[in-house]
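A short worksheet on the structure shown next.
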Amino acid sequence: MTPKPIENFLILTTIFVSSITFFTTPFEGYFHYLIFLLFFPFFIFRYGFPKPPVQLLLLPLLIGVFHVFTGEDSVELFLKIFIGLLLSTTFYFYVFEYYEMNVEELFRLYIRGCVLVCWIGLIQLISYKVGFRLGYDYGWLFNKWAVIESAGRNIRLNSIFAEPVQLAVVIIPTVFVAFNSLFTKSDKYLSRLESVLIIVILLLTKSSTGYIGIFVICLLFIVNYGHIVNLLIGAGALTVIFSTIYFYVPEFHERVESSIGLWVNEDLSVKNVNSSSFVLYNNFHIAFESFKNNPLGGGGLGSHKVAFEKYSLTKNFGVLNFAFNKSDANSLFLRLMSETGIIGMGFVLLLIFKCYVRRKPGEEFSYYWIISNSLLVMIILCLLRQGNYFLNGLPFFFWMYYYNFNLYQEKNKKESSIVPAIEAKV
């Protein structure tokens with residue numbers, strides 16, 4: 001069965017529309033839950049019981065229940081995260097079943113979605129410059145959304161996302177594709193105009209996380225085109241990019257300075273404590289303390305909020321008007337450390353390394369390595385600076401990373417079996 005355009009659209013909204021919530025207690029009722037409810041009856045009737053997602057989450061379920069009984073986690077926090085993760089993981093598992101494991105087609109649809117939100121970002125920028133408020137302030141449509149202004153009365157682009165960093169993380173795989181398209185002069189996924197548009201929009205988010213993504217992209221290109229000349233060019237490009245952003249983007253400069261102050265100099269002065277860099281620093285301290293208590297399986301899903309109340313450094317400082325990511329640790333890696341311990345961290349790292357597809361000579365236009373590397377950039381950014389397990393369809397990208405590797409393995413097996421057959425005939 002070929003999915004209809006309206007089905008493509010609705011499934012894509014679960015990734016790109018995260019700025020609408022219908023309620024906030026006892027959990028945040030995001031728009032994508034409506035799409036889940038719409039599709040689930042059909043998916044369950046057609047494909048039956050979702051065995052792989054349940055098997056995947058069985059151990060976190062048992063660990064979480066144990067910690068609820070010991071009082072280290074609460075029933076409310078555990079169920080909120082476990083049910084949300086189960087629904088999201090199961091939904092996207094069904095999506096790949098529905099699309100008959102056509103990873104490249106789903107990747108193309110995702111790229112089209114990125115192009116659309118980037119055009120909206122461009123409209124947002126132009127509208128801000130000319131003073132057309134309805135064109136840049138989308139608070140009339142999204143209730144979990146705000147205009148984010150920066151130094152010099154400029155705007156940080158966030159398109160239809162709640163924050164610029166969310167826009168940066170969601171489009172970063174397409175940024176990888178854009179760079180590759182420009183370097184190889186290929187329009188397989190993006191035209192040159194679209195490639196330039198996506199790169200420019202990422203830069204205009206003024207997100208430090210997005211800029212880190214550019215560095216990761218450069219490193220992955222060095223890995224995949226690993227000649228000494230490319231290594232030198234890549235090192236030079238990284239130096240130029242970092243220097244330019246550091247000296248000309250105040251937000252990035254401030255983030256680097258406060259990070260050095262905290263992580264290198266251990267300077268807990270007000271200027272550093274009242275910065276977003278302190279959020280990560282504080283959550284690292286919390287996650288590490290929680291990890292020391294439960295190194296193997298962590299404190300259970302949802303328990304980071306409990307650990308925050310126990311170990312947060314904010315108890316010792318007068319911190320002004322700052323959100324400290326009590327629930328999600330501001331980093332997927334730190335949250336895994338805190339809530340799932342060695343088992344959770346090990347599982348994700350094993351998935352990353354085992355399912356990675358590197359480009360082979362002559363495979364410049366093969367989609368396997370492009371999809372694998374582009375998704376890896378997103379996964380790395382989430383591990384560094386985004387701790388929500390299922391925001392913007394994160395399980396969708398993990399499933400795609402995994403299935404892309406499986407398809408690549410199947411292709412290699414078929415090719416290796418064809419060669420001996422041909423030689424035998426000869």
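In the model, E28 has no side-chain atom that pairs as donor or acceptor with a side-chain atom of Y33 under 3.5 Å. A donor-acceptor pair shorter than 3.5 Å can be found between the side chains of K206 and S150. Between the side chains of S186 and N180, no donor-acceptor pair is found at a separation under 3.5 Å. Using a 3.5 Å distance cut-off with no hydrogens or angles, the side chains of Y128 and E149 do pair a donor with an acceptor. Using modelled atom types, one finds a donor on one side chain and an acceptor on the other under 3.5 Å when comparing N293 with Y311. Checked by atom type, the side-chain pair Y30/N392 shows no donor-acceptor distance below 3.5 Å. A donor-acceptor contact closer than 3.5 angstrom is absent between the side chains of Q386 and D328.
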Under the side chain to side chain contact (heavy atoms under 4.5 Å, CB included) criterion, do F347 and T340 qualify, and how do the steps go? CA-CA 10 Å; F347 173 78; T340 67; over 6 Å; no
Steps toward side chain to side chain contact (heavy atoms under 4.5 Å, CB included) verdict (Y408, W369): CA-CA 9 Å; Y408 180 69; W369 82 272; over 6 Å; no
Set out, in order, the CA-CA distance, both residues' side-chain angles and the distance that settles salt bridge (charged side-chain N to carboxylate O under 4.0 Å, His left out) for E410 and K414, then state yes or no. CA-CA 6 Å; E410 290 176 9; K414 287 180 181 178; 5.4 Å; no
Go through it in stages, so that I can follow the logic: the residues are K292 and E289, the test is salt bridge (charged side-chain N to carboxylate O under 4.0 Å, His left out), and I'd like the CA-CA distance, side-chain angles, deciding distance and then a yes or no. CA-CA 5 Å; K292 288 193 295 185; E289 292 298 317; 3.1 Å; yes
Go through the steps for L79 and I83 under the test side chain to side chain contact (heavy atoms under 4.5 Å, CB included), then give the verdict. CA-CA 6 Å; L79 287 180; I83 293 174; 4.3 Å; yes
Between E415 and K411, is a salt bridge (charged side-chain N to carboxylate O under 4.0 Å, His left out) present by the stated rule, with each step listed? CA-CA 6 Å; E415 290 178 353; K411 179 187 79 77; 3.2 Å; yes
For the pair F405 and Y368, evaluate ring pair (Phe, Tyr, Trp, His ring centres under 6.0 Å) and give the outcome as yes or no after the intermediate values. CA-CA 7 Å; F405 171 76; Y368 299 105; over 10 Å; no
Under the side chain to side chain contact (heavy atoms under 4.5 Å, CB included) rule, what do Y356 and L220 come out as? Steps first, then yes or no, please. CA-CA 11 Å; Y356 177 66; L220 288 177; 4.1 Å; yes
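Side-chain atoms of T13 come within 3.5 Å of backbone N or O of L10 as a donor-acceptor pair. Judged by distance alone, the side chain of S331 and the main-chain N or O of G387 form no donor-acceptor pair under 3.5 Å. Between the side chain of N282 and the backbone N or O of S312 there is no donor-acceptor pair closer than 3.5 Å. Under a 3.5 Å cut-off, the side chain of S74 and the backbone N or O of L77 do form a donor-acceptor pair. With S159 contributing its side chain and V117 its backbone, the two residues share a donor-acceptor pair below 3.5 Å. Side-chain atoms of N224 never come within 3.5 Å of backbone atoms of R358 as a donor-acceptor pair (strictly under, hydrogens ignored). The main-chain N or O of I160 is found under 3.5 Å from a side-chain atom of S19 such that the two form a donor-acceptor pair. Between the T89 side chain and the L85 main chain, a donor and an acceptor come within less than 3.5 Å of each other. A donor-acceptor pair under 3.5 Å is absent between the side-chain atoms of N294 and the main chain of G297, judged by distance alone. In this structure a side-chain-to-backbone donor-acceptor pair under 3.5 Å is present from Y401 to I352.
Using a 4.5 Å heavy-atom threshold, the side chains of F278 and L313 count as touching. For the pair E194/T174, no side-chain contact is recorded, criterion being any heavy-atom separation below 4.5 Å from C-beta on. Within the 4.5 Å cutoff, the side chain of N102 has no heavy atoms near those of the F96 side chain. N154 is listed as a side-chain neighbour of K129, based on a closest heavy-atom distance under 4.5 Å. Counting heavy atoms from C-beta on, the side chains of L61 and L57 never come closer than 4.5 Å. Using a 4.5 Å heavy-atom cutoff, the side chains of F221 and F176 are in contact. No side-chain heavy atom of I198 sits less than 4.5 Å from a side-chain heavy atom of L202. Inter-residue side-chain proximity for F36 and S88 is flagged as met; some heavy-atom pair is nearer than 4.5 Å.
Atom CZ of residue R385 and atom CD1 of residue I212 lie 7.0 Å apart, to the nearest 0.5 angstrom. E104 contributes atom CD, which lies 5.5 Å from atom OH of Y367 (distance to the nearest 0.5 angstrom). Here the CG atom belonging to L394 is positioned 11.0 Å from the OH atom belonging to Y389, to the nearest 0.5 angstrom. C382 SG to R335 CZ: the interatomic distance, rounded to the nearest 0.5 Å, is 12.5 Å. Taken from CG in L301 to NZ in K80, the straight-line distance is 12.5 Å, to the nearest 0.5 Å. For the atom pair OG1 of T205 and CD of Q166, the computed distance is 12.0 Å after rounding to the nearest 0.5 Å.
In plain terms, the two heavy atoms of P173 and Y110 that are nearest each other are CD-OH, 3.1 Å. Heavy-atom minimum distance, F107 versus S374: CZ-OG, 3.5 Å. A pairwise comparison of heavy atoms in K305 and S327 identifies CD-OG, 3.7 Å as the closest pair. For the pair P164 and I148, the tightest heavy-atom approach, listed with the atom from each and the gap, is CD-CG1, 3.7 Å. In terms of heavy atoms, W145 sits closest to G139 at CE3-N, 3.7 Å. Closest approach of N283 and L334 over heavy atoms only: C-CD1, 3.9 Å.
For F43, the side chain to side chain contact (heavy atoms under 4.5 Å, CB included) criterion is met by F39, Y47, F91, Y94, V95, Y98, not counting sequence neighbours. Residues passing the side-chain hydrogen bond (donor to acceptor under 3.5 Å, both in side chains) test with H32, sequence neighbours excluded: none.
If you look at F183 and Y225, their ring centroids are not closer than 6.0 Å. Note: F398 and Y92 fail the aromatic proximity criterion, with ring centroids not under 6.0 Å apart.
Relative orientation of the F22 and F31 rings is tilted, given thresholds of 30° and 60° on the angle between their planes. Ring geometry for Y403 versus W399: interplanar angle under 30°, hence parallel rather than tilted (30 to 60°). Classified by interplanar angle (parallel below 30°, tilted 30° to 60°, perpendicular above 60°), the ring pair F23/F27 is perpendicular.
Enclosure of atom CZ in R108 by more than 12 non-hydrogen atoms of other residues, nucleotides or ligands within 6.0 angstrom is indicated.
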